Each structure stands twice: as structure tokens, then as C-alpha cells.
Amino acid sequence: TEELQYLQSGKIEEYYKIQADEVGGEDKLRTIGDEYSVKHLLVYEEFFVNLIIKEKILSLMKFFLGESFIINLQNAIINYPQFDNPASIWHRDLPYQHFTCSRPLSITVLQIVDDFNEETGGTIVLPESHKHDEFPSTQFTLKYKKQISAKAGSVLVMDSMIYHQAGYNLSNQIRRAIAHIYTLPLIKQQISFPRLLKGKYADDPVLNRLLGYDSEPAESALEFREERLYNRGGKSRIEIG
């Protein structure tokens with residue numbers, strides 16, 4: 001599709017270079033274990049905004065998370081051939097949170113840009129690990145882990161608390177994906193989209209909620225009450241003020 005071709009055109013790598021240069025080079029990213037990760041793509045162009053509002057995805061999020069949820073992050077992951085990736089260690093997409101919950105708090109939607117398979121190092125998951133607090137034994141992990149094979153253009157949906165890791169890319173081709181993490185509003189965004197976007201899309205009723213404009217912490221009791229009045233169809237902020 002045209003969308004997939006655009007994602008494969010080098011845009012992801014282009015924005016990665018911009019972000020690496022901003023911080024002083026890729027070596028700086030490597031010191032904090034953040035190399036090969038491209039953050040908040042939707043800030044750069046509307047194409048990436050459209051990825052978070054696909055009807056089928058939003059319907060799934062409503063099913064799993066209810067009516068109120070936000071986009072927590074949108075990060076592209078680049079897996080170069082024959083290179084270790086920070087995501088190759090076992091991890092959860094809600095980092096450092098090790099507990100079980102009766103219903104999902106966060107759902108990861110992984111948009112696959114290049115083929116995932118054994119050779120390219122498709123994501124490896126540990127099924128049902130979101131139901132257990134602690135990481136299991138090495139023996140258990142080796143027995144039950146599963147590597148994902150999927151064609152470019154596919155979408156992988158999973159509970160963000162499932163333990164997973166990036167496979168090692170044995171091929172001679174780059175492997176990319178874009179992670180969209182949707183959470184309940186009680187979980188703060190990795191990077192504040194409202195502050196980063198400075199009001200952009202705030203007038204769109206769908207994106208206002210999805211980007212977290214209506215769930216940012218208020219700076220005062222007055223602002224908190226004004227926001228609630230505004231959201232419930234009361235007077236405008238100007239009239240209240």
C-alpha cells in the first residue's frame with residue numbers, strides 16, 4: 001500500500017537522525033540505552049497522526065480499555081542487521097511495573113513496517129506473562145517463548161504488560177516497526193503531547209481526548225473546575241474567567 005511504501009521510504013531513519021543530532025549524536029543516545037528509537041513521530045507530520053486514529057484500532061481500544069483512553073507514546077523502533085538493540089532484553093511496555101490487574105491498563109499496537117520472521121529477528125513474546133507479577137525462570141522462558149512472524153503491513157496487538165524482546169536481526173535488511181501504546185488516562189504519557197503540540201489538534205474532539213489534552217494535570221483548583229465545566233458543556237473558558 002502507499003502507506004507502507006511511505007513508511008519504508010526512509011522517513012523513520014530521517015527523523016531518527018534529527019533526534020540523534022538534537023541530543024549531540026548517537027553515542028549520547030547509547031549512553032542512556034535509547035539508540036534506534038524514534039519518538040513522537042506524530043509531531044512532525046499529520047501522516048503519523050492518522051496512524052493513531054484508525055477506526056479498527058480505536059474500536060479495539062474501546063473494547064479493551066473502555067471509552068476513555070489516550071495515546072501514551074508513538075515510537076518507531078529500528079533494528080539494523082547484525083546489531084544488538086536495547087529492546088532485545090526482556091521487558092514490558094509499562095517499564096518497571098510488575099503487577100497483575102483484573103483488566104488491561106495499556107495496550108500495545110505494533111505496526112510492522114518490514115517482515116518479521118526468524119531471520120529478521122521478529123519480536124519474541126512470552127504468552128500470558130501479563131498475568132504474573134514476576135519474570136519466570138530461564139527454563140520456563142526457553143520452553144514457552146514464541147517468535148512472531150508477520151508480513152510488512154500487519155499489526156500486532158498485545159497487552160503492554162506481556163514480557164517481550166526484539167529478536168536478533170540475522171538478515172542483511174533493516175527491520176522497522178512503530179509502537180503505539182494506548183493507556184488509561186491515569187498513566188502519564190512518556191512525553192506530554194499537549195505541551196509538545198502547543199494546542200495543535202485541541203479543537204478536534206477525537207484527538208483532544210486521544211492526545212491527552214483533557215487529562216493533563218491542572219495547575220490550580222480554578223483551572224481544574226473550569227476544565228470540568230467546559231467538558232460538560234458549561235460556559236466557555238473565557239466566560240468562566
Side-chain angles (χ1 to χ4, degrees), residues 7 12 15-16 19 29 32-34 36-78 85-87 89-113 123 125 129-130 155-166 176-202 204-218 227 231:
L7 290 172
I12 291 173
Y15 291 130
Y16 176 61
Q19 293 186 1
L29 293 176
I32 56 173
D34 205 32
Y36 315 137
S37 174
V38 196
K39 303 192 184 308
H40 56 60
L41 287 163
L42 63 84
V43 173
Y44 295 106
E45 53 182 287
E46 197 162 338
F47 173 87
F48 294 102
V49 177
N50 293 331
L51 296 183
I52 71 172
I53 57 173
K54 290 185 177 295
E55 186 176 345
K56 288 184 179 180
I57 296 299
L58 293 184
S59 294
L60 271 176
M61 296 308 104
K62 287 180 182 178
F63 176 79
F64 287 116
L65 299 174
E67 289 295 323
S68 184
F69 54 87
I70 62 172
I71 184 77
N72 181 278
L73 62 81
Q74 182 192 54
N75 290 351
I77 305 103
I78 305 172
N85 190 292
I89 62 171
W90 286 105
H91 65 280
R92 287 168 158 159
D93 282 338
L94 291 183
Y96 314 116
Q97 307 305 311
H98 301 296
F99 54 83
T100 56
C101 193
S102 61
R103 49 186 299 188
L105 297 173
S106 175
I107 299 292
T108 297
V109 177
L110 195 64
Q111 183 156 6
I112 296 171
V113 178
T123 296
V125 300
S129 55
H130 63 296
V155 173
L156 171 64
V157 180
M158 63 183 181
D159 191 302
S160 300
M161 294 294 281
I162 285 179
Y163 275 107
H164 59 285
Q165 62 178 178
R176 295 156 293 193
I178 300 179
H180 299 95
I181 298 182
Y182 296 83
T183 65
L184 297 181
L186 59 88
I187 299 174
K188 71 177 182 178
Q189 294 169 324
Q190 184 184 68
I191 297 170
S192 171
F193 284 118
R195 281 186 289 168
L196 201 57
L197 290 165
K198 299 177 181 178
K200 191 175 183 180
Y201 307 117
D204 183 304
V206 173
L207 286 171
N208 179 287
R209 172 171 286 190
L210 188 57
L211 291 169
Y213 278 102
D214 72 349
S215 53
E216 278 279 274
E227 189 67 31
N231 289 333

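No experiment lies behind these values; they were computed from the predicted model shown.
For the pair Leu196 and Ile191, the minimum side-chain heavy-atom distance is below 4.5 Å. The shortest distance between side-chain heavy atoms of Gln74 and His40 does not fall below 4.5 Å. By the 4.5 Å heavy-atom criterion applied to side chains, His91 and Asp93 are counted as neighbours. Between Val155 and Lys54, every side-chain heavy-atom pair lies at or beyond the 4.5 Å cut-off.
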Would Met161 and Leu105 count as a side chain to side chain contact (heavy atoms under 4.5 Å, CB included) here? Give the steps.
CA-CA 9 Å; Met161 294 294 281; Leu105 297 173; over 6 Å; no
Worked check of side chain to side chain contact (heavy atoms under 4.5 Å, CB included) between His164 and Thr108:
CA-CA 11 Å; His164 59 285; Thr108 297; 5.6 Å; no
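Minimum interatomic distance between Ser106 and Leu94 (heavy atoms only, all atoms of both residues): CB-CD1, 3.8 Å. Closest heavy-atom contact between Ser192 and Glu216: OG-OE1, 3.3 Å. Closest approach of Leu41 and Ala76 over heavy atoms only: CD1-CB, 3.7 Å. When all heavy atoms of Leu7 and Gln111 are compared, the pair lying nearest together is CD1-NE2, 3.8 Å. Nearest approach of Asn72 to Phe193, heavy atoms of both residues: O-CE1, 4.0 Å. Between Pro185 and Phe69, the shortest heavy-atom distance links the atoms CD-CA, 4.1 Å.
In this structure, CZ in Arg176 is found 13.0 Å from CD1 in Ile112, a value given to the nearest 0.5 Å. Here the straight-line distance linking atom CD1 of Ile178 with atom CD1 of Ile78 works out to 10.0 Å at 0.5 Å rounding. Taken from CG in Leu58 to CZ in Phe63, the straight-line distance is 15.5 Å, to the nearest 0.5 Å. Rounding to the nearest 0.5 Å gives a distance of 11.0 Å between CZ of Arg209 and CD1 of Ile70. The line from CG of Asn75 to CD1 of Ile12 is 11.0 Å long, rounded to the nearest 0.5 Å. If you take NE2 on His180 and CD1 on Ile57, they are separated by 9.0 Å, rounding to the nearest 0.5 Å.
Other residues, nucleotides and ligands place more than 12 heavy atoms under 6.0 Å from the CZ atom of Phe99.
The only member of Leu207, Val206, Asn208, Leu210 that meets side chain to side chain contact (heavy atoms under 4.5 Å, CB included) when paired with Tyr201 is Leu207.
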Could you pull out all donor-acceptor pairs under 3.5 Å where a side-chain atom in residues 42-53 meets a protein atom, sequence neighbours excluded?
residue, atom, partner, partner atom, Å
Tyr44, OH, Gln19, NE2, 3.0
Glu45, OE1, Tyr6, OH, 2.6
Glu45, OE2, Tyr6, OH, 3.2
Glu45, OE2, Tyr15, OH, 2.4

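Although no hydrogens or angles enter the test, the distance criterion places no donor-acceptor pair under 3.5 Å between the side chain of Tyr36 and the main chain of Pro86. Looking at Gln189, its side chain does come within 3.5 Å of a backbone N or O of Ile71 through a donor-acceptor pair.
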